[in-house]
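Read the structure below first, then the notes.
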Amino acid sequence: MAKYECNEHMENFLRELPKCEHHVHLEGTLEPSLLFNLAKRNNITLPSHFPPSVEACAVRYNNFADLQDFLDHYYIGMSVLITENDFYDLAMEYFKKAHSDGCLHSEVFFDPQGHVERGIHIDTVVEGFDRACKKANELFGTTNKLIMCLLRHLPAESGLKTIDDAHKHFESGVIHGMGLDSSEKPFPPHLFTECYKTLKDRFPQVGLTAHAGEEGDHTFVSNSLDLLTVSRIDHGVNSQHDEQLMTRLAQNQTMLSLCPLSNVKLQVVKDVSELPIDTFFNKNVPFSINSDDPAYFGGYILDNYRAVHTRFGFSTEQWRQIALNGINGSWCDEDRKTELRQLVHSIHNKYKDLI
Ligand code: HPA
Ligand code: ZN
(Lines give C-alpha, C1' and ligand atoms only; values in the text may rest on other atoms or scores of the structure.)
(Ligands and ions follow the chains in the order given, each with its own letter.)
Protein backbone atom coordinates (compact mmCIF):
# COMPACT_ATOMS: atom_id res chain seq x y z
CA MET A 1 0.00 0.00 0.00
CA ALA A 2 0.98 3.68 -0.14
CA LYS A 3 3.96 4.25 2.16
CA TYR A 4 5.26 7.57 0.91
CA GLU A 5 3.64 10.92 0.60
CA CYS A 6 3.41 12.83 -2.65
CA ASN A 7 3.63 16.37 -1.27
CA GLU A 8 2.91 19.45 -3.34
CA HIS A 9 6.50 19.89 -4.54
CA MET A 10 6.79 16.22 -5.45
CA GLU A 11 3.44 16.33 -7.26
CA ASN A 12 4.63 19.35 -9.29
CA PHE A 13 8.01 17.71 -9.93
CA LEU A 14 6.42 14.51 -11.25
CA ARG A 15 4.06 16.49 -13.47
CA GLU A 16 6.79 18.72 -14.88
CA LEU A 17 9.37 15.97 -15.23
CA PRO A 18 9.58 15.37 -19.00
CA LYS A 19 8.08 11.93 -19.51
CA CYS A 20 8.06 9.49 -22.41
CA GLU A 21 5.29 6.95 -22.83
CA HIS A 22 6.09 3.71 -24.69
CA HIS A 23 3.20 1.50 -23.76
CA VAL A 24 -0.27 2.85 -24.42
CA HIS A 25 -2.84 1.29 -26.75
CA LEU A 26 -4.81 4.04 -28.48
CA GLU A 27 -7.89 1.81 -28.45
CA GLY A 28 -7.33 1.53 -24.69
CA THR A 29 -7.68 5.32 -24.33
CA LEU A 30 -11.33 5.14 -25.40
CA GLU A 31 -13.11 6.71 -22.43
CA PRO A 32 -16.67 5.42 -21.87
CA SER A 33 -18.12 8.90 -22.59
CA LEU A 34 -16.50 8.96 -26.06
CA LEU A 35 -17.37 5.29 -26.56
CA PHE A 36 -21.09 5.94 -26.08
CA ASN A 37 -20.96 9.13 -28.19
CA LEU A 38 -19.33 7.26 -31.07
CA ALA A 39 -21.77 4.35 -30.74
CA LYS A 40 -24.58 6.86 -31.17
CA ARG A 41 -22.87 8.76 -34.00
CA ASN A 42 -22.24 5.50 -35.90
CA ASN A 43 -25.50 3.71 -35.06
CA ILE A 44 -23.71 0.84 -33.33
CA THR A 45 -25.69 -1.34 -30.94
CA LEU A 46 -23.39 -2.70 -28.26
CA PRO A 47 -23.97 -6.30 -27.11
CA SER A 48 -26.32 -6.64 -24.14
CA HIS A 49 -23.57 -7.96 -21.85
CA PHE A 50 -21.51 -4.75 -22.29
CA PRO A 51 -22.04 -2.22 -19.48
CA PRO A 52 -24.83 0.09 -20.69
CA SER A 53 -23.66 3.44 -19.28
CA VAL A 54 -20.60 5.44 -18.24
CA GLU A 55 -21.39 4.64 -14.60
CA ALA A 56 -21.79 0.90 -15.29
CA CYS A 57 -18.44 0.91 -17.14
CA ALA A 58 -16.74 2.47 -14.12
CA VAL A 59 -17.99 -0.41 -11.96
CA ARG A 60 -17.26 -3.22 -14.44
CA TYR A 61 -13.83 -1.85 -15.43
CA ASN A 62 -12.86 -1.91 -11.77
CA ASN A 63 -13.47 -5.66 -11.61
CA PHE A 64 -11.56 -7.36 -14.42
CA ALA A 65 -10.72 -10.96 -13.49
CA ASP A 66 -7.64 -11.10 -15.73
CA LEU A 67 -6.20 -10.01 -19.09
CA GLN A 68 -8.76 -11.98 -21.12
CA ASP A 69 -11.72 -10.51 -19.23
CA PHE A 70 -10.40 -7.02 -20.01
CA LEU A 71 -9.69 -7.88 -23.67
CA ASP A 72 -13.29 -9.08 -24.11
CA HIS A 73 -14.42 -5.53 -23.24
CA TYR A 74 -11.61 -3.83 -25.17
CA TYR A 75 -12.56 -5.50 -28.48
CA ILE A 76 -16.23 -4.61 -28.02
CA GLY A 77 -15.24 -1.04 -27.13
CA MET A 78 -13.21 -0.54 -30.28
CA SER A 79 -16.16 -1.63 -32.45
CA VAL A 80 -17.57 1.92 -32.25
CA LEU A 81 -14.59 3.30 -34.23
CA ILE A 82 -15.61 3.56 -37.88
CA THR A 83 -14.47 6.71 -39.67
CA GLU A 84 -11.08 8.39 -40.02
CA ASN A 85 -12.43 11.18 -37.80
CA ASP A 86 -13.27 8.67 -35.06
CA PHE A 87 -9.65 7.49 -34.99
CA TYR A 88 -8.45 11.10 -35.08
CA ASP A 89 -10.76 12.16 -32.22
CA LEU A 90 -9.70 9.18 -30.11
CA ALA A 91 -5.99 9.87 -30.52
CA MET A 92 -6.38 13.64 -30.00
CA GLU A 93 -8.11 13.07 -26.66
CA TYR A 94 -5.14 10.95 -25.58
CA PHE A 95 -2.49 13.41 -26.81
CA LYS A 96 -4.22 16.29 -25.03
CA LYS A 97 -4.33 14.37 -21.75
CA ALA A 98 -0.76 13.10 -22.10
CA HIS A 99 0.47 16.66 -22.70
CA SER A 100 -1.35 17.92 -19.60
CA ASP A 101 0.43 15.15 -17.64
CA GLY A 102 3.85 16.36 -18.83
CA CYS A 103 4.37 13.58 -21.35
CA LEU A 104 6.52 15.04 -24.13
CA HIS A 105 7.07 11.98 -26.31
CA SER A 106 4.60 9.13 -26.91
CA GLU A 107 5.05 5.92 -28.86
CA VAL A 108 1.52 4.62 -29.22
CA PHE A 109 0.19 1.16 -30.11
CA PHE A 110 -2.78 0.36 -32.27
CA ASP A 111 -4.33 -2.93 -33.38
CA PRO A 112 -5.11 -2.81 -37.13
CA GLN A 113 -6.47 -6.38 -37.22
CA GLY A 114 -9.16 -5.42 -34.69
CA HIS A 115 -10.47 -2.93 -37.24
CA VAL A 116 -9.74 -4.65 -40.56
CA GLU A 117 -11.68 -7.74 -39.45
CA ARG A 118 -14.72 -5.46 -38.96
CA GLY A 119 -14.42 -4.15 -42.52
CA ILE A 120 -12.52 -0.92 -41.75
CA HIS A 121 -9.68 -0.23 -44.20
CA ILE A 122 -6.23 -0.03 -42.58
CA ASP A 123 -5.64 3.35 -44.31
CA THR A 124 -8.66 4.81 -42.48
CA VAL A 125 -7.12 3.82 -39.15
CA VAL A 126 -3.56 4.89 -39.93
CA GLU A 127 -4.51 8.17 -41.59
CA GLY A 128 -6.76 9.20 -38.67
CA PHE A 129 -4.07 8.38 -36.10
CA ASP A 130 -1.30 9.99 -38.16
CA ARG A 131 -3.28 13.21 -38.57
CA ALA A 132 -3.68 13.34 -34.78
CA CYS A 133 0.09 12.74 -34.24
CA LYS A 134 0.86 15.70 -36.50
CA LYS A 135 -1.80 17.95 -34.98
CA ALA A 136 -0.56 17.16 -31.45
CA ASN A 137 2.97 18.07 -32.52
CA GLU A 138 1.70 21.36 -33.93
CA LEU A 139 -0.51 22.20 -30.91
CA PHE A 140 1.61 20.90 -28.02
CA GLY A 141 5.12 20.43 -29.43
CA THR A 142 5.01 16.77 -28.36
CA THR A 143 6.59 14.10 -30.56
CA ASN A 144 4.64 10.95 -31.30
CA LYS A 145 5.23 7.66 -33.08
CA LEU A 146 2.82 4.95 -34.21
CA ILE A 147 3.54 1.29 -33.43
CA MET A 148 1.36 -1.31 -35.12
CA CYS A 149 0.68 -4.39 -33.00
CA LEU A 150 -0.18 -7.86 -34.23
CA LEU A 151 -2.88 -9.71 -32.31
CA ARG A 152 -1.36 -12.93 -31.03
CA HIS A 153 -4.72 -14.74 -30.82
CA LEU A 154 -4.89 -14.55 -34.62
CA PRO A 155 -2.75 -16.83 -36.83
CA ALA A 156 0.67 -15.72 -38.10
CA GLU A 157 -0.78 -15.68 -41.66
CA SER A 158 -3.10 -12.86 -40.59
CA GLY A 159 -0.07 -11.07 -39.13
CA LEU A 160 1.82 -11.46 -42.42
CA LYS A 161 -1.14 -10.09 -44.36
CA THR A 162 -1.30 -7.12 -41.96
CA ILE A 163 2.40 -6.45 -42.59
CA ASP A 164 1.63 -6.43 -46.34
CA ASP A 165 -1.41 -4.18 -45.85
CA ALA A 166 0.71 -1.73 -43.85
CA HIS A 167 3.69 -1.80 -46.24
CA LYS A 168 3.36 1.74 -47.59
CA HIS A 169 2.96 3.15 -44.09
CA PHE A 170 6.22 1.56 -42.93
CA GLU A 171 7.88 2.74 -46.14
CA SER A 172 6.80 6.34 -45.57
CA GLY A 173 7.80 6.17 -41.89
CA VAL A 174 4.23 6.90 -40.72
CA ILE A 175 4.30 3.58 -38.83
CA HIS A 176 7.53 3.42 -36.92
CA GLY A 177 7.52 0.02 -35.26
CA MET A 178 5.76 -3.26 -34.60
CA GLY A 179 4.62 -4.93 -31.39
CA LEU A 180 2.66 -8.00 -30.34
CA ASP A 181 -0.31 -7.92 -27.97
CA SER A 182 -3.56 -9.62 -26.87
CA SER A 183 -3.88 -12.90 -24.91
CA GLU A 184 -0.33 -13.88 -23.99
CA LYS A 185 -0.05 -17.30 -22.39
CA PRO A 186 -1.70 -19.48 -25.07
CA PHE A 187 0.25 -17.74 -27.87
CA PRO A 188 4.02 -17.80 -27.19
CA PRO A 189 6.50 -15.70 -29.16
CA HIS A 190 7.79 -18.47 -31.47
CA LEU A 191 4.46 -18.42 -33.35
CA PHE A 192 5.38 -14.98 -34.73
CA THR A 193 9.04 -15.51 -35.69
CA GLU A 194 8.26 -15.30 -39.40
CA CYS A 195 6.20 -12.11 -39.01
CA TYR A 196 9.08 -10.32 -37.26
CA LYS A 197 11.67 -11.65 -39.72
CA THR A 198 9.58 -10.57 -42.71
CA LEU A 199 9.19 -7.03 -41.44
CA LYS A 200 12.84 -6.73 -40.42
CA ASP A 201 14.05 -8.01 -43.82
CA ARG A 202 11.93 -5.36 -45.53
CA PHE A 203 12.68 -2.52 -43.12
CA PRO A 204 15.89 -3.15 -41.14
CA GLN A 205 15.53 0.15 -39.22
CA VAL A 206 12.05 -0.58 -37.89
CA GLY A 207 11.53 -0.60 -34.10
CA LEU A 208 10.55 -4.00 -32.73
CA THR A 209 8.92 -4.76 -29.41
CA ALA A 210 6.51 -7.35 -27.94
CA HIS A 211 4.33 -7.84 -24.90
CA ALA A 212 5.99 -10.53 -22.79
CA GLY A 213 6.12 -11.57 -19.16
CA GLU A 214 2.82 -9.95 -18.15
CA GLU A 215 0.94 -13.21 -17.59
CA GLY A 216 3.49 -15.41 -19.39
CA ASP A 217 6.64 -16.50 -17.53
CA HIS A 218 10.21 -15.22 -18.03
CA THR A 219 10.78 -17.53 -21.03
CA PHE A 220 8.30 -15.37 -22.96
CA VAL A 221 10.72 -12.48 -22.42
CA SER A 222 13.91 -14.33 -23.41
CA ASN A 223 12.20 -15.96 -26.40
CA SER A 224 10.94 -12.57 -27.58
CA LEU A 225 14.53 -11.29 -27.45
CA ASP A 226 15.98 -14.38 -29.17
CA LEU A 227 13.31 -15.25 -31.74
CA LEU A 228 11.62 -11.94 -32.48
CA THR A 229 14.80 -9.85 -32.10
CA VAL A 230 12.93 -7.12 -30.23
CA SER A 231 14.90 -4.22 -28.77
CA ARG A 232 12.54 -3.68 -25.85
CA ILE A 233 9.88 -5.57 -23.90
CA ASP A 234 6.36 -4.48 -23.00
CA HIS A 235 5.57 -5.35 -19.36
CA GLY A 236 8.33 -7.89 -18.70
CA VAL A 237 7.60 -8.03 -14.94
CA ASN A 238 8.19 -11.77 -14.83
CA SER A 239 11.82 -11.22 -15.90
CA GLN A 240 12.40 -10.83 -12.15
CA HIS A 241 12.32 -14.62 -11.75
CA ASP A 242 15.40 -15.31 -13.90
CA GLU A 243 18.72 -13.88 -12.72
CA GLN A 244 20.47 -14.56 -16.03
CA LEU A 245 17.76 -12.69 -17.89
CA MET A 246 17.98 -9.79 -15.45
CA THR A 247 21.73 -9.57 -16.09
CA ARG A 248 21.12 -9.71 -19.85
CA LEU A 249 18.53 -6.91 -19.69
CA ALA A 250 20.89 -4.76 -17.62
CA GLN A 251 23.95 -5.45 -19.80
CA ASN A 252 22.13 -4.71 -23.05
CA GLN A 253 20.13 -1.87 -21.48
CA THR A 254 16.92 -3.44 -22.84
CA MET A 255 14.06 -1.32 -21.58
CA LEU A 256 10.91 -2.77 -20.02
CA SER A 257 7.77 -0.67 -20.53
CA LEU A 258 6.08 -1.23 -17.16
CA CYS A 259 2.38 -0.51 -16.55
CA PRO A 260 1.83 -0.50 -12.78
CA LEU A 261 -1.89 0.36 -12.56
CA SER A 262 -2.67 -2.08 -15.40
CA ASN A 263 -0.93 -4.86 -13.45
CA VAL A 264 -3.18 -4.16 -10.47
CA LYS A 265 -6.40 -3.93 -12.51
CA LEU A 266 -5.63 -7.19 -14.35
CA GLN A 267 -4.74 -8.99 -11.10
CA VAL A 268 -1.08 -9.52 -11.94
CA VAL A 269 -0.40 -8.10 -8.44
CA LYS A 270 -2.66 -6.90 -5.63
CA ASP A 271 -0.82 -3.62 -5.17
CA VAL A 272 1.83 -1.60 -7.01
CA SER A 273 4.15 -2.17 -4.02
CA GLU A 274 4.40 -5.87 -5.01
CA LEU A 275 5.97 -5.00 -8.36
CA PRO A 276 9.78 -5.40 -8.51
CA ILE A 277 10.30 -1.76 -9.52
CA ASP A 278 12.99 -1.12 -6.89
CA THR A 279 14.74 -4.38 -7.89
CA PHE A 280 14.78 -3.33 -11.54
CA PHE A 281 16.16 0.07 -10.53
CA ASN A 282 18.84 -1.36 -8.22
CA LYS A 283 19.92 -3.98 -10.77
CA ASN A 284 20.18 -1.37 -13.50
CA VAL A 285 17.40 -2.89 -15.64
CA PRO A 286 15.97 0.15 -17.45
CA PHE A 287 12.23 0.69 -17.44
CA SER A 288 9.65 3.29 -18.32
CA ILE A 289 6.32 3.83 -16.54
CA ASN A 290 3.21 3.71 -18.69
CA SER A 291 -0.58 3.66 -18.67
CA ASP A 292 -1.34 0.70 -21.06
CA ASP A 293 -5.13 1.17 -21.41
CA PRO A 294 -5.85 4.23 -19.27
CA ALA A 295 -9.57 4.48 -20.06
CA TYR A 296 -10.05 0.94 -18.77
CA PHE A 297 -7.56 0.95 -15.89
CA GLY A 298 -8.39 4.29 -14.29
CA GLY A 299 -5.12 6.15 -14.71
CA TYR A 300 -2.97 8.01 -17.25
CA ILE A 301 0.81 8.33 -17.17
CA LEU A 302 1.02 10.79 -14.26
CA ASP A 303 -1.32 8.61 -12.16
CA ASN A 304 1.11 5.74 -12.76
CA TYR A 305 4.12 7.88 -11.76
CA ARG A 306 2.27 8.96 -8.62
CA ALA A 307 1.34 5.35 -7.75
CA VAL A 308 4.99 4.32 -8.09
CA HIS A 309 6.20 7.24 -6.01
CA THR A 310 3.81 6.56 -3.14
CA ARG A 311 4.98 2.91 -3.02
CA PHE A 312 8.72 3.28 -3.60
CA GLY A 313 9.51 6.83 -2.50
CA PHE A 314 12.18 7.46 -5.14
CA SER A 315 14.39 10.54 -4.70
CA THR A 316 14.44 13.30 -7.32
CA GLU A 317 17.84 11.93 -8.40
CA GLN A 318 16.31 8.46 -8.93
CA TRP A 319 13.40 9.99 -10.84
CA ARG A 320 15.87 11.86 -13.01
CA GLN A 321 17.52 8.51 -13.86
CA ILE A 322 14.13 6.91 -14.61
CA ALA A 323 13.24 9.79 -16.93
CA LEU A 324 16.62 9.55 -18.69
CA ASN A 325 16.23 5.78 -19.11
CA GLY A 326 12.87 6.41 -20.81
CA ILE A 327 14.54 8.82 -23.22
CA ASN A 328 17.37 6.37 -23.97
CA GLY A 329 14.85 3.63 -24.74
CA SER A 330 12.77 5.84 -27.05
CA TRP A 331 12.76 5.59 -30.83
CA CYS A 332 12.97 9.34 -31.49
CA ASP A 333 16.04 10.84 -33.16
CA GLU A 334 19.18 11.91 -31.31
CA ASP A 335 18.39 15.64 -31.53
CA ARG A 336 15.06 15.10 -29.82
CA LYS A 337 16.71 12.91 -27.18
CA THR A 338 19.26 15.64 -26.44
CA GLU A 339 16.49 18.21 -26.12
CA LEU A 340 14.49 15.96 -23.76
CA ARG A 341 17.56 15.19 -21.63
CA GLN A 342 18.27 18.90 -21.18
CA LEU A 343 14.67 19.47 -20.10
CA VAL A 344 14.97 16.64 -17.55
CA HIS A 345 18.12 18.19 -16.07
CA SER A 346 16.54 21.62 -15.79
CA ILE A 347 13.39 20.33 -14.06
CA HIS A 348 15.55 18.27 -11.72
CA ASN A 349 17.60 21.37 -10.88
CA LYS A 350 14.44 23.36 -10.26
CA TYR A 351 13.14 20.89 -7.66
CA LYS A 352 16.16 19.08 -6.18
CA ASP A 353 16.61 21.43 -3.21
CA LEU A 354 12.87 21.84 -2.59
CA ILE A 355 12.09 18.18 -1.95
N1 HPA B 1 -1.81 -6.88 -22.74
C2 HPA B 1 -1.99 -7.54 -23.88
N3 HPA B 1 -2.70 -7.05 -24.88
C4 HPA B 1 -3.26 -5.85 -24.74
C5 HPA B 1 -3.12 -5.13 -23.58
C6 HPA B 1 -2.34 -5.68 -22.53
O7 HPA B 1 -2.15 -5.09 -21.44
N8 HPA B 1 -3.80 -3.99 -23.77
C9 HPA B 1 -4.33 -4.01 -25.01
N10 HPA B 1 -4.00 -5.16 -25.60
ZN1 ZN C 1 -0.28 -3.40 -23.36
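Remember, it's 1-based here, ligands and their atoms both numbered in the order they're listed. Throughout, residue positions are numbered sequentially from 1 according to the sequence presented. All figures in this text were calculated on a predicted structure; none of them were measured in a lab.
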Original post:
Which of the numbered atoms in ligand 1 are below 4.0 angstrom from a heavy atom of Leu67?
Top reply: 1 (N), 2 (C), 6 (C)

Original post:
Rounded to 10 degrees, what angle sits at the Zn ion (ligand 2) between Asp292 OD1 and His211 NE2?
Top reply: 170°

**OP:** Look at the N, O or S atoms of His235, main chain and side chain alike, and state whether any lies under 2.8 Å from the Zn ion (ligand 2).
**Re:** no

Subject >> contact_flag Ser182 ligand 1 heavy-atom lt 4.0 Å >> reply: yes

Original post:
Within the distance-only criterion (no hydrogens, no angle test), does the side chain of Gln113 pair as donor or acceptor with the backbone N or O of Leu154 below 3.5 angstrom?
Top reply: no

Original post:
Can you tell me which residue and heavy atom of the protein come closest to atom 7 (O) of ligand 1, and the distance to 0.1 Å?
Top reply: Asp292 OD2, 2.7 Å

Subject >> Aromatic ring pairing His167/Phe203, orientation class (parallel under 30°, perpendicular over 60°, tilted between) >> reply: tilted

Original post:
Which atoms of ligand 1 have any heavy atom of His235 under 4.0 Å away?
Top reply: 7 (O)

Original post:
Is there a nitrogen or oxygen of Asp293 sitting under 3.5 Å from a nitrogen or oxygen of ligand 1?
Top reply: yes

Subject >> Shortest heavy-atom approach to atom 1 (N) of ligand 1 - which of Glu27, Glu214, His23 >> reply: Glu214

**OP:** Answer with side chain, backbone, both or neither: which part of Phe109 has a heavy atom less than 4.0 angstrom from an atom of ligand 1?
**Re:** neither

**OP:** Would you mind checking which non-hydrogen protein atom is closest to atom 10 (N) of ligand 1, with the distance to 0.1 Å?
**Re:** His25 CE1, 3.6 Å

**OP:** For Leu71, counting its heavy atoms only, list the atoms of ligand 1 lying under 4.0 Å from any of them.
**Re:** 4 (C), 10 (N)

Subject >> Closest contact, heavy atoms only, Leu67 versus Ser183 >> reply: CD2-CA, 4.2 Å

**OP:** Taking the six-membered ring of Tyr61 (Phe, Tyr or Trp), confirm whether the NZ or CZ of Lys265 is under 6.0 Å from its centre and within 45° of its axis.
**Re:** no

Subject >> Proximity of Phe220 and His211 rings by center, below 6.0 Å >> reply: no

Subject >> Side-chain heavy-atom pair Phe312, Lys3 within 4.5 angstrom cut-off >> reply: no

Original post:
Looking at Tyr94, Phe110, Phe95, which one forms a ring-ring contact (aromatic ring centres under 6.0 Å, His included) with Phe129?
Top reply: Phe110

**OP:** Answer with yes or no whether Asp111 contacts ligand 1, where contact means a heavy atom under 4.0 Å from a ligand atom.
**Re:** no

Original post:
Below 4.5 Å, heavy atoms only, C-beta onward: do His176 and Glu107 meet side chain to side chain?
Top reply: no

